[in-house]
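A short write-up of the structure that comes next.
Residue numbering restarts at 1 for every chain, and letters A, B, ... go by the order of the sequence lines. All values derive from a computational prediction rather than experimental measurement. FYI, side chains are in, hydrogens and waters are out, and symmetry mates aren't considered; it's all heavy atoms of this structure.
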Protein chains: 2
Amino acid sequence: MAGNLKRPSPMYKQLADQLAEAIASGELEPGVPLPSETKLMQEYGVSRPTVRSAVAELRTMGLVDSEQGRGSFVRNQDAAPSVTLARTLRRSGKRFEAESAFSAIESPTITRTHITGAAAALLERDEEAAFAVERLLSDPVTGARYAHRTVIPLDVAEAVPQLAERPDAELTEIYATLTEAGHALTWQESVTARAPLPDERAALGVSDGAPVLVSRRVTYSGDDRPLLLEELRASAAHTQLTFRITPEKAPTRRRAGSV
Amino acid sequence: MAGNLKRPSPMYKQLADQLAEAIASGELEPGVPLPSETKLMQEYGVSRPTVRSAVAELRTMGLVDSEQGRGSFVRNQDAAPSVTLARTLRRSGKRFEAESAFSAIESPTITRTHITGAAAALLERDEEAAFAVERLLSDPVTGARYAHRTVIPLDVAEAVPQLAERPDAELTEIYATLTEAGHALTWQESVTARAPLPDERAALGVSDGAPVLVSRRVTYSGDDRPLLLEELRASAAHTQLTFRITPEKAPTRRRAGSV
DNA sequence: TATCATTTGTTCGTATGTATC
DNA sequence: CGATACATACGAACAAATGAT
């Protein structure tokens with residue numbers, strides 16, 4: 001980790017890259033502090049703002065955590081994927097069971113809303129009324145927190161009285177209820193990630209630079225009519241989601257270059 | 001959007017919050033530029049560094065994109081999940097087909113490596129030798145780019161000669177080969193996300209503040225012996241992954257509080 | 001084509017606040 | 001209490017990209 005920075009490519013980025021490489025190579029181990037800002041200024045012959053920009057880069061890359069009065073510490077990334085949430089369902093007859101178990105931090109809140117945004121596209125309903133059930137959950141082992149939200153369109157709730165009465169029933173119960181109501185259920189889950197919103201940082205305990213995983217599961221009647229939506233949000237630093245891939249038995253259509 | 005900032009809570013954060021709120025409320029619509037840094041300095045009576053810190057916050061929140069010489073523009077978040085990659089397999093007899101098709105940007109590169117890190121855990125092999133096949137792919141419609149990596153442990157390749165000869169065959173071919181070799185294949189995919197590394201920014205075209213989705217698919221023989229690993233990386237700003245959830249037929253064990 | 005005003009990007013310097021040890 | 005560390009905020013200058021003149 002010597003002290004030579006050429007131009008161009010901003011000096012703060014070069015410094016960030018060098019530090020990132022030192023972290024990746026293990027030269028700077030998790031838990032140990034970076035050299036202080038003053039040291040880095042002297043070592044590399046750059047000014048304070050340049051050093052601070054470099055360290056800020058490392059923070060947004062999720063490589064270090066800075067603590068006022070102490071230092072900037074290399075984050076332990078091996079301990080990163082700690083919690084694995086299996087997004088699998090088990091079924092026996094008309095009963096369902098979810099693979100991953102949570103404990104609720106607060107009791108669920110039920111509200112009446114309208115379906116907008118991503119939910120509208122997935123439920124194929126725009127601006128229609130719906131029940132929304134919000135839960136704040138935590139993993140019983142690690143204490144990691146999750147936000148869970150269920151959206152039940154009003155037309156679905158009206159067709160199945162038990163849903164309207166207890167929209168906050170457990171999801172496995174709801175699946176059973178819908179099955180008894182004659183629906184042949186199928187599910188599709190879609191996963192993406194984004195930077196946390198300000199309120200999510202606190203609620204989900206998202207560490208600096210870590211994204212939020214957003215997973216949305218749609219329950220269909222048959223293969224195509226959306227009945228309800230679940231949305232799960234979690235800090236990606238603590239969580240990975242797993243899916244069992246089951247090949248569909250379907251006629252082969254030719255396609256080129258797929259991987 | 002008036003100009004009153006109290007202390008404490010850093011002024012740059014207050015300014016960032018006010019701008020974020022203006023974006024959330026629709027006062028600042030997607031595509032329109034924020035007031036210029038000079039304007040914001042005057043409006044709020046703060047210095048240029050303070051304004052720049054605030055805008056930097058918005059960038060890492062993924063709310064705006066800044067372009068030198070032009071301005072900082074509110075990002076269109078509705079157009080965010082543009083590309084949907086279905087992580088589903090289809091099967092007919094011993095033939096397989098992937099749902100999502102890509103076109104290769106470069107021809108695959110084959111290297112000999114050792115299995116470490118997340119791959120070691122998933123393949124249940126530590127430091128063992130393996131083929132690694134790297135591909136840079138793109139979506140034929142949108143042009144979005146993906147990095148794909150296949151890891152084939154050497155013991156698997158040696159047991160199935162076709163793999164050792166052409167480790168860079170298409171995955172569906174490899175699945176077929178393994179099936180013909182007598183393996184009953186199953187798959188498990190795990191998804192997480194993280195901030196992009198410096199080289200990924202360029203290779204995957206990751207916009208500022210957007211995380212990278214990392215999805216790893218393990219192919220098992222039977223239910224438990226890992227044969228090979230695929231790793232797919234993509235910018236979460238452009239991509240969502242979809243999974244078909246197929247309930248497993250299994251005896252019901254009781255569990256509390258699952259959602 | 002060349003110039004110029006505007007806008008963001010980079011880098012320096014300096015001062016002060018605040019948490020930690 | 002004092003030394004050290006990061007956090008915030010100011011001012012200033014120049015670079016680089018853009019778009020219009």
What is the distance from [atom1] of [X] to [atom2] of [N], rounded to the nearest Å?
X: Leu15(A); N: dC12(C); atom1: CG; atom2: P; answer: 11 Å
X: Tyr44(A); N: dC12(C); atom1: OH; atom2: P; answer: 15 Å
X: Met41(A); N: dT4(D); atom1: CE; atom2: P; answer: 14 Å
X: Arg48(A); N: dA15(C); atom1: CZ; atom2: P; answer: 13 Å
X: Phe73(A); N: dA5(D); atom1: CZ; atom2: P; answer: 11 Å
X: Glu37(A); N: dT18(C); atom1: CD; atom2: P; answer: 17 Å
X: Leu34(B); N: dG9(C); atom1: CG; atom2: P; answer: 11 Å
X: Gln42(B); N: dT7(C); atom1: CD; atom2: P; answer: 10 Å

Should the ring pair Tyr146(B) and Phe102(B) be called parallel, tilted or perpendicular, given that the plane angle runs from 0 to 90° and is split at 30 and 60?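 Rings of Tyr146(B) and Phe102(B): perpendicular, as their planes differ by over 60°.
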Would you mind telling me which of Val214(B), Leu232(B), Leu241(B) makes a side-chain contact (heavy atoms from CB on, under 4.5 Å) with Val191(B)? Leu241(B)
Tell me whether the OP1 or OP2 atom of [N] has a side-chain N or O from [X] closer than 4.0 Å.
X: Thr50(B); N: dT8(D); value: no
X: Arg52(A); N: dA7(D); value: yes
X: Tyr12(A); N: dT10(C); value: yes

Side chain of [X] only, please: which of [options] is the nearest?
X: Lys39(B); options: dA15(C), dT7(C), dA9(D); value: dT7(C)
X: Met11(B); options: dA5(D), dC10(D), dA15(C); value: dC10(D)
X: Ser47(B); options: dG9(C), dT7(C), dC10(D); value: dC10(D)

Partner residues of Arg145(A) under the side chain to side chain donor-acceptor pair (under 3.5 Å) criterion, sequence neighbours left out: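 By the side chain to side chain donor-acceptor pair (under 3.5 Å) rule, Arg145(A) matches no residue at all.
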For DNA chain D, determine which residues of residues 56-71 of chain B have any heavy atom closer than 4.0 angstrom to one of its atoms, and list them numerically.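 Contacting residues: Gln68(B), Gly69(B), Arg70(B).
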Counting N and O atoms only, with roles assigned by atom type, does the side chain of [X] sit under 3.5 Å from a partner on the main chain of [Y], one being a donor and the other an acceptor?
X: Arg75(A); Y: Arg59(A); answer: no
X: Arg125(A); Y: Pro226(A); answer: yes
X: Ser36(A); Y: Lys39(A); answer: yes

Is dG2(D) paired to anything, Watson-Crick or G-U wobble with both distances less than 3.5 Å, and if yes, which nucleotide?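 Result: dC21(C).
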With nearest nucleotides of DNA chain C determined for Gly45(A) and Ser72(B) from heavy-atom distances, which residue corresponds to the more 5′ nucleotide? Ser72(B)
Give a yes or no on whether Glu21(A) atom CD has more than 12 heavy-atom contacts from other residues, nucleotides or ligands under 6.0 Å away.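 Check fails, neighbour count at 12 or below.
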